[in-house]
*Asks:* 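Would you mind keeping the following structure in view while I ask a few things?
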2 protein chains.
Amino acid sequence: MPQDGRAARGGATRELILDTAMTLFAEAGYRGTSVRDIAARAGISHPGLLYHFPTKEALLMAVLTRRDALGARDFPIEGRPGRVVLASLVGTARFNATDRGIVELYATLSAEATAADHPAREYFQTRYAALLAFVRDALADVANDGGLADGVDPSIGAQQIVALMDGLQVQWLLDDATDMEAALAAHINSLLTAPLSAADHS
Amino acid sequence: MPQDGRAARGGATRELILDTAMTLFAEAGYRGTSVRDIAARAGISHPGLLYHFPTKEALLMAVLTRRDALGARDFPIEGRPGRVVLASLVGTARFNATDRGIVELYATLSAEATAADHPAREYFQTRYAALLAFVRDALADVANDGGLADGVDPSIGAQQIVALMDGLQVQWLLDDATDMEAALAAHINSLLTAPLSAADHS
DNA sequence: GTCTATACCCAGATAGAC
DNA sequence: GTCTATCTGGGTATAGAC
């Protein structure tokens, strides 16, 4: 019957660990954060933490998955018009520029997870496949209205947009004068017959 | 007076270590390779290796620097016309698709090195600044001949091209069906008034 | 100048007590 | 569900042989 201040029943400790892990991962990166660090900050011992998440990787995946779920809740863009979806991607680029930690985490992990034996590889394969399909569908939707520039292939266009978002993050992390939003918006507009405008937001 | 089979004078051991390290880094990644692994494969003890390269990071930087030097020797494109430089970037994308290990290494490291306290951060900052300037100059050269599409800014175009090359590598590493060359060429051509052709190679 | 042997410390993970 | 103790492996520093 736990009833003390920090570890009440019902997965409260689990949530506390996740919060703490997300904070520290964002501050110092995945490699720069030890399980002991997270446990100490959360007020338990490392084996105590590893009872809830058997490995550090498992903890990481839980952090990422939860973040995905929060994002889907806060930015519901499923089933919206293609131009709105594209505009939301530009909005994401702007939003990302406010949280260096999480950008660093994703940029580092998505590269690290490309290793054939990396535990998070499948997660990112699935994530990228879904993201590419999502953007491709948005471009195809725009194409249906004749809004795509000549010779633009939705599938290639989606690859370009996703790659651009990833690559620009690295440049921005290395030099914060980099304007991710401007470079992304310029490219997306080059794929369209008419540029995005404020009317496309929401 | 060393004169045995593997460690002759004049930095031969150093070269052997670099070769071995490049191979193992490419096979198992930076994190997946221990200094002991490299030393064992090179036929010396780890402290023996650390005599030549004081830290694992130093060894890594030496590998990268040497790779840069080899690249500059094999692909001399300094001072060439802008369109030739752009074509060579497409060639690089094609060439990269033949060596997964080195792509993985650069993709992982460039992301990892964005951390504020990472020893390779300055190296990558310098490298990216030079690369961006290089591509920007190529685009500016094309613009001088009126070969740039309307509204294309050489500086932003350079950011996009470099970001695209980086981001496409991640997608290709996660799904080798990704056609890096096609996506990059399509984007570069969209920046130009006339597409690149075989005539631009060399 | 070139290397081996040894030791230190930190990190992830496991075993078993409470 | 959480702890203490311990194992293993990796990066690094030092001592000293040749």
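In what follows, chains are A, B, ... by sequence order, proteins preceding strands, each numbered from 1.
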*Asks:* For A:Leu50, is there any backbone N or O sitting under 3.5 Å from a side-chain donor or acceptor partner on A:Lys56?
*Replies:* no

*Asks:* Select one nucleotide: of D:dT2, D:dT12, D:dC3, the one nearest the side-chain heavy atoms of A:Ser45.
*Replies:* D:dC3

*Asks:* Mark yes or no for whether A:Thr114, through its side chain, and B:Leu174, through its backbone, hold a donor-acceptor pair below 3.5 Å.
*Replies:* no

*Asks:* Closer than 4.0 angstrom, basic N to acidic O: yes or no for A:Arg66 and A:Glu15?
*Replies:* yes

*Asks:* Describe, as an angle rounded to 10 degrees, how the axis at the first end of the helix from C:dG1-D:dC18 to C:dC18-D:dG1 is tilted relative to the axis at the last end, five pairs per end.
*Replies:* 10°

*Asks:* Taking A:Ala107's backbone N and O only, do any of them form a donor-acceptor pair with A:Ser110's side chain (distance below 3.5 Å, no angle check)?
*Replies:* yes

*Asks:* Residues of residues 47-55 of chain A with any non-hydrogen atom less than 4.0 angstrom from an atom of DNA chain D: list those, numerically ordered, please.
*Replies:* A:Pro47, A:Gly48, A:Tyr51, A:His52

*Asks:* What integer distance in Å separates B:His46:NE2 from D:dT12:P?
*Replies:* 13 Å

*Asks:* Near DNA chain D, counting only heavy atoms under 4.0 Å, which residues of residues 22-34 of chain B show up?
*Replies:* B:Thr33, B:Ser34

*Asks:* Do the non-hydrogen side-chain atoms of B:Leu192 and B:Leu86 ever get within less than 4.5 Å of each other?
*Replies:* yes

*Asks:* In plain terms, say whether A:Glu27 and A:Arg100 are close enough for a salt bridge, that is, a side-chain N and a carboxylate O under 4.0 Å apart.
*Replies:* no

*Asks:* Rounded to the Å, how far apart are B:Lys56 NZ and D:dA13 P?
*Replies:* 14 Å

*Asks:* Would a distance-only check, ignoring hydrogens and angles, find a side-chain to backbone donor-acceptor pair under 3.5 Å from A:Arg83 to A:Pro195?
*Replies:* yes

*Asks:* Is there side-chain contact between B:Phe95 and B:Asp74, with at least one heavy-atom pair below 4.5 Å?
*Replies:* no

*Asks:* Starting from C1' on D:dG10, measure out to CG on B:Leu60 and report it in whole angstrom.
*Replies:* 16 Å

*Asks:* I'd like to know if the side chain of A:Gln169 reaches the main chain of A:Glu104, judged simply by a donor and an acceptor atom lying under 3.5 Å from each other, with no hydrogens or angles considered.
*Replies:* no

*Asks:* Atom CG of A:Asp37 to atom P of C:dA11: distance rounded to whole Å?
*Replies:* 6 Å

*Asks:* Between A:Asp68 and A:Arg127, is there a side-chain N and carboxylate O pair less than 4.0 Å apart?
*Replies:* yes

*Asks:* Nearest-Å distance, CG (B:Leu59) to C1' (D:dT12)?
*Replies:* 14 Å

*Asks:* Between A:Glu57 and A:Tyr30, is there a side-chain donor-acceptor contact under 3.5 Å, judged purely by atom types and distance?
*Replies:* yes

*Asks:* In whole angstroms, how far is the C1' atom of C:dA5 from the CZ atom of B:Arg36?
*Replies:* 12 Å

